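Structure record follows, encoded as structure tokens.
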Number of protein chains: 2
Amino acid sequence: MAEAPRDGHELLERFRRWLRDRHMPITRQRDLVAQAIFAAGGHLSVEELERRVRDRGHHVGTATVYRALEVLVKSGLVRAHDFGEGFKRYEPLLSPAQHGHLICTRCGRVREFSTERFERTLPMVADEMGFLHQRHRVEIHGLCRTCRDAEIGALTGGRRRA
Amino acid sequence: MAEAPRDGHELLERFRRWLRDRHMPITRQRDLVAQAIFAAGGHLSVEELERRVRDRGHHVGTATVYRALEVLVKSGLVRAHDFGEGFKRYEPLLSPAQHGHLICTRCGRVREFSTERFERTLPMVADEMGFLHQRHRVEIHGLCRTCRDAEIGALTGGRRRA
DNA sequence: TTAGGTGCAAACGGTTTGCAATCGA
DNA sequence: TCGATTGCAAACCGTTTGCACCTAA
């Protein structure tokens, strides 16, 4: 099976190089976690990540997954997000450009959108308020197409149950 | 503008009315929590909230604080935020306009800024991606003036060990 | 060989819940 | 009165840590 349909393999190589460069062992576990997240391509929770590793017939302890993610974040190839769900999600930095997140308030699906048009403004805003801009987060919470349709269907369709 | 420095009281009244309207008891605890958050005016954690109640010579159990906050959020008079600190912060909706948050990555201080210039754009962006915009979150993470100065001082001051 | 990584289970910290006692309307 | 709320402590849940064992280099 084509494990890495995208540039996941490229990122995996970069991770290995990064580890090698600082004399950190390339362990089976780190490789498995990295593969899983790079192949998936976006916004996975630790639980989902573990499941994907398991689905490939391997096992990595939960603590180790967290430790591997810590390393991946340090390497700059993965970013941690907190969408306020009570746990974190991890995103490989395939997407070169900065982007925001669209989060469905019903099903939790996450999509990305370009934040190009905000990239100049936000550091300016920070400056106006006496802050030194380091990074920013732009999120839109709403209903994805599927859930929007489902809501509308529920309202107009059958017996209303308000 | 209409809501004077003591708009906390106005909000408290609104909360009481909201409870009364749906036949929910106005308990001492709900009142104390509401008072504390409305008086403070912004971005408190549950721990801080409990401390403020205690400082006024009262006591409300932690679980009850959470339950009162749940009701306050439902009433629409308070909003919950997750700034990725591992716990939530609660903000009374005094601030008439929508706003974003500037969060100091060093000391944790939170300031607000107007997001007027994004209010039209973000729903459009959502629409382009097939999402129905409900609300959004714009955060800038960086250094507040004090911490920025401290960092610079540490760098140029020299006589400190790095 | 050995510094470092791993797995397990226990600890942690914020939040939620079960339940008997209590309270507001 | 009587259903809703409270307080306490225990449960929860995602995450971190201590420690004996293991493994990449």
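Sequence lines set the chain letters: A, B, ... in the order given, protein chains first and strands last, and positions in each chain run from 1. Computed from a predicted model, the values in this text were never measured in an experiment.
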- prompt: Does NZ or CZ of A:R22 fall inside the cone over A:W18's six-membered ring, less than 6.0 Å from its centre and within 45° of the axis?
  reply: yes
query: Starting at the 5' end of DNA chain C, which residue's closest nucleotide do you reach first, B:T64 or B:P25?
result: B:T64
field: d(CD, A:E70; P, C:dG5) in whole Å
entry: 10 Å
message: Between the base of C:dG24 and the side chain of B:R20, is there a donor and acceptor pair under 3.5 angstrom?
response: no
task: Please tell me which of A:K88 and A:R67 maps to the more 5' nucleotide of DNA chain D, matching each residue to the nucleotide holding its nearest heavy atom.
output: A:K88
query: Does B:T62 make a side-chain N or O approach to OP1 or OP2 of C:dT15 shorter than 4.0 Å?
result: no
query: What is the distance, rounded to the nearest whole Å, between atom CZ of B:R51 and atom P of C:dG14?
result: 14 Å
message: Heavy atoms only, 4.0 Å cut-off, all strands: where does A:F87 land among base, sugar-phosphate and nothing?
response: sugar-phosphate
Spacing of A:D31 atom CG relative to D:dT23 atom P, expressed in whole Å: 16 Å
- request: Classify the ring geometry between A:F83 and A:H101 as parallel (under 30°), tilted (30 to 60°) or perpendicular (over 60°).
  value: perpendicular
query: Do you see a donor-acceptor pair shorter than 3.5 Å between the side chains of A:E91 and A:H99?
result: yes
- prompt: Within this structure, what is the CZ-to-P distance between B:R22 and C:dA25, rounded to whole angstrom?
  reply: 15 Å
message: How many whole angstroms separate atom OH of A:Y66 from atom C1' of C:dC8?
response: 15 Å
- prompt: Quick one: B:E50 CD to D:dG7 P, roughly how many Å, whole number?
  reply: 10 Å
message: Distance check needed: D:dC8 P versus B:Q29 CD, whole Å only.
response: 11 Å
Check: C:dG24 base within 3.5 Å donor-acceptor of B:R30 side chain: no
message: Nearest heavy atom decides the nucleotide; on that basis, is B:R89 or B:R28 closer to the 5' end of DNA chain C?
response: B:R89
task: For A:K74 and C:dG4, give me the distance from atom NZ to atom P, rounded to whole Å.
output: 13 Å
field: Output field: ring centroids B:H136/A:H141 closer than 6.0 Å
entry: no
query: Between A:H23 and C:dG5, does any side-chain N or O lie under 4.0 Å from OP1 or OP2?
result: no
task: Could you verify whether a donor N or O on one side chain and an acceptor N or O on the other, from A:H59 and A:Q29, lie under 3.5 Å apart?
output: no
